[in-house]
Amino acid sequence: MLRALRRRWDVYKYRFVPWLALNLRRKRRTLRYVPESSQDKIISDEDVFETLLKIFKALFINDFSRQAHILALFPEIKCKYLELLTVEQKRSKVNSCDHQSQHVFSPEEVLFSTLGFSITRDRSSLVSAGTGVFVTKGFVPKGMVVSMYPGTVYRKHEPIFFQSLGNPFIFRCIDGVLIDGNDKGLSRSVYRSCSRRDQLGPFQMSDESWLTAALQNPLAVGQYVNNCSHEKAANVCYQEFDVPGYFPVELKQYLPNIVYSHDIESHPRCVVLVTLRDIKQGEELFSNYYTLVS
């Protein structure tokens, strides 16, 4: 009983304001000060955009045989990706030009072949921390997007009270925007409802697969990255990124975020995790749950 209560407290304490106030000084060496939101960037938005574009294109080409409903509507998109597929086949020394006979790789294999690493969820190396995220293959250089924080995006005025009860996966952005990364219960139902609301014919505007064990976007595990400790320093940090309006519509099916209220004026908010140092195979990812905006 006491052990169970301790586990719940270890999860909840980072959202308990009196505990935070008492422990800020003790944790000062890991605090992230943000004088201006525009300065809170380890890498540029252009670098984030190019990385997401690179991996999403690779995933789309790998899923080419499942994209017939999109390709039939837009011949220009089909031509563009057929050219990319041909280049990929030549690089992989595949003799057949028939895209239907291409070998389909797992999303983790696509991530490794595209960015040089793969990640997965597993039991954390921290005692009582539950699930963590590990680099399982390859090498992640400093300043690389290594993961994404999935979930429903809520603006300040939008209702999230019931979803937040007992929920350790609420991420607060610097401007007060909240992202609910819980893949269970009411949070799961809300995300699925919003995702299907925004679907445009064959075009999915977001990725629902992070709610399951079979991830379509292998980066969408950022909500399981654990907080750093005195023994385990942070090796990644959070960086906010607003998806631009010109983001390719056929690639939005890999975005693991959806806005709670349908609003054509707003751009989806994403939070990516960026490496603070080189990370080798077998290492666990650790972030910093403290953010001070000064």
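The chain is numbered in sequence order, starting from 1. If you're wondering where the values come from, they're calculated on a predicted model, not measured in any experiment. All heavy atoms count here, side chains included; hydrogens, waters and symmetry mates do not.
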Closest heavy-atom contact between [X] and [Y]?
{"X": "Val259", "Y": "Asp198", "result": "CG2-OD2, 4.4 Å"}
{"X": "Ala129", "Y": "Asn226", "result": "O-OD1, 3.7 Å"}
{"X": "Pro150", "Y": "Ala220", "result": "CG-O, 3.8 Å"}
{"X": "Ile119", "Y": "Glu108", "result": "O-CG, 4.4 Å"}
{"X": "Pro244", "Y": "Phe241", "result": "CD-CZ, 3.8 Å"}

Exercise. Do the side-chain N and O atoms of Thr120 and Thr136 include a donor-acceptor pair separated by under 3.5 angstrom?
Worked result: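 Not at all, the side chains of Thr120 and Thr136 share no donor-acceptor pair under 3.5 Å.
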Exercise. If we ignore angles and hydrogens, is there a donor and acceptor under 3.5 Å between the side chains of Gln199 and Gln253?
Worked result: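 Result is no, nothing qualifies.
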Quick one: do [X] and [Y] end up in the same hydrophobic cluster if we chain Ile, Leu, Val, Met, Phe, Trp and Tyr together by side-chain heavy atoms under 4.5 Å apart?
{"X": "Phe134", "Y": "Val274", "answer": "no"}
{"X": "Leu219", "Y": "Ile61", "answer": "yes"}
{"X": "Val145", "Y": "Phe112", "answer": "no"}
{"X": "Leu52", "Y": "Trp210", "answer": "yes"}

Can you tell whether the side chains of [X] and [Y] come within less than 4.0 Å, N to carboxylate O?
{"X": "Glu208", "Y": "Arg196", "answer": "yes"}
{"X": "Lys80", "Y": "Glu250", "answer": "yes"}
{"X": "Glu283", "Y": "Arg277", "answer": "yes"}
{"X": "Arg155", "Y": "Glu158", "answer": "yes"}

For this session: Quick one: do Arg192 and Ser189 satisfy side-chain contact (heavy atoms from CB on, under 4.5 Å)? Show the steps, please.
Result: CA-CA 5 Å; Arg192 279 193 162 160; Ser189 299; 6.0 Å; no
Exercise. Between Leu211 and Tyr191, does a side-chain contact (heavy atoms from CB on, under 4.5 Å) hold up when you go through it step by step?
Worked result: CA-CA 9 Å; Leu211 299 169; Tyr191 184 92; 3.8 Å; yes
If you measure from [atom1] on [X] to [atom2] on [Y], what distance do you get to the nearest 0.5 Å?
{"X": "Ser106", "Y": "Asn62", "atom1": "OG", "atom2": "CG", "result": "8.0 Å"}
{"X": "Asp207", "Y": "Tyr254", "atom1": "CG", "atom2": "OH", "result": "9.0 Å"}
{"X": "Glu284", "Y": "Ile279", "atom1": "CD", "atom2": "CD1", "result": "10.5 Å"}
{"X": "Ile258", "Y": "Lys252", "atom1": "CD1", "atom2": "NZ", "result": "9.5 Å"}
{"X": "Leu273", "Y": "Ser287", "atom1": "CG", "atom2": "OG", "result": "6.5 Å"}
{"X": "Asn217", "Y": "Ser206", "atom1": "CG", "atom2": "OG", "result": "11.5 Å"}

Exercise. Is Leu126 isolated, or which residues cluster with it under the ILVMFWY side-chain rule of less than 4.5 Å, directly or via members?
Worked result: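 For the cluster that includes Leu126, the remaining residues are Phe286.
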Can you tell me if [X] uses its side chain to pair, donor with acceptor, with the backbone of [Y] under 3.5 Å?
{"X": "Thr114", "Y": "Leu111", "result": "no"}
{"X": "Ser113", "Y": "Glu109", "result": "yes"}
{"X": "Ser147", "Y": "Gly222", "result": "yes"}
{"X": "Asn182", "Y": "Asn167", "result": "no"}
{"X": "Thr275", "Y": "Gly143", "result": "yes"}
{"X": "Gln281", "Y": "Val135", "result": "no"}
{"X": "Thr131", "Y": "Tyr224", "result": "no"}
{"X": "Thr51", "Y": "Asp47", "result": "yes"}

Problem set entry | Leu255 vs Phe247, side-chain contact (heavy atoms from CB on, under 4.5 Å): CA-CA, chis, key distance, verdict | CA-CA 10 Å; Leu255 288 172; Phe247 196 87; 4.3 Å; yes
For this session: Step through the shown structure and confirm whether more than 12 heavy atoms of other residues, nucleotides or ligands are within 6.0 Å of CZ on Phe139.
Result: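 Enclosed: over 12 neighbouring heavy atoms sit under 6.0 Å from CZ of Phe139.
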For this session: On the 0 to 90° scale, with breaks at 30° and 60°, tag the Tyr149-Tyr238 ring pair as parallel, tilted or perpendicular.
Result: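 Because their plane-to-plane angle is over 60°, the rings of Tyr149 and Tyr238 count as perpendicular.
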For this session: Using the six-membered ring wherever Trp is involved, compare the ring planes of Tyr246 and Phe49 and label them parallel, tilted or perpendicular (cut-offs 30° and 60°).
Result: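 Judged by the thresholds at 30° and 60°, the geometry between Tyr246 and Phe49 is perpendicular.
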Exercise. Please walk me through it: do Arg121 and Leu215 pass side-chain contact (heavy atoms from CB on, under 4.5 Å)?
Worked result: CA-CA 11 Å; Arg121 292 169 290 190; Leu215 297 179; 4.0 Å; yes
Side-chain heavy atoms of [X] within contact of [Y], under 4.5 Å:
{"X": "Gln239", "Y": "Asp45", "value": "yes"}
{"X": "Leu178", "Y": "Val153", "value": "no"}
{"X": "Pro218", "Y": "Leu59", "value": "yes"}
{"X": "Asp180", "Y": "Val190", "value": "no"}
{"X": "Leu71", "Y": "Phe64", "value": "yes"}
{"X": "Phe117", "Y": "Val146", "value": "yes"}
{"X": "Asn257", "Y": "Arg269", "value": "no"}
{"X": "Val177", "Y": "Tyr154", "value": "no"}

Problem set entry | Criterion ring-ring contact (aromatic ring centres under 6.0 Å, His included) on Phe74 and Phe203, from CA distance to verdict | CA-CA 11 Å; Phe74 294 92; Phe203 291 101; 5.4 Å; yes
Exercise. Looking at residues at least two apart in the chain, or sitting in another chain, which of them share a salt bridge (charged side-chain N to carboxylate O under 4.0 Å, His left out) with Arg66?
Worked result: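 Partners of Arg66 under the salt bridge (charged side-chain N to carboxylate O under 4.0 Å, His left out) test: Asp63.
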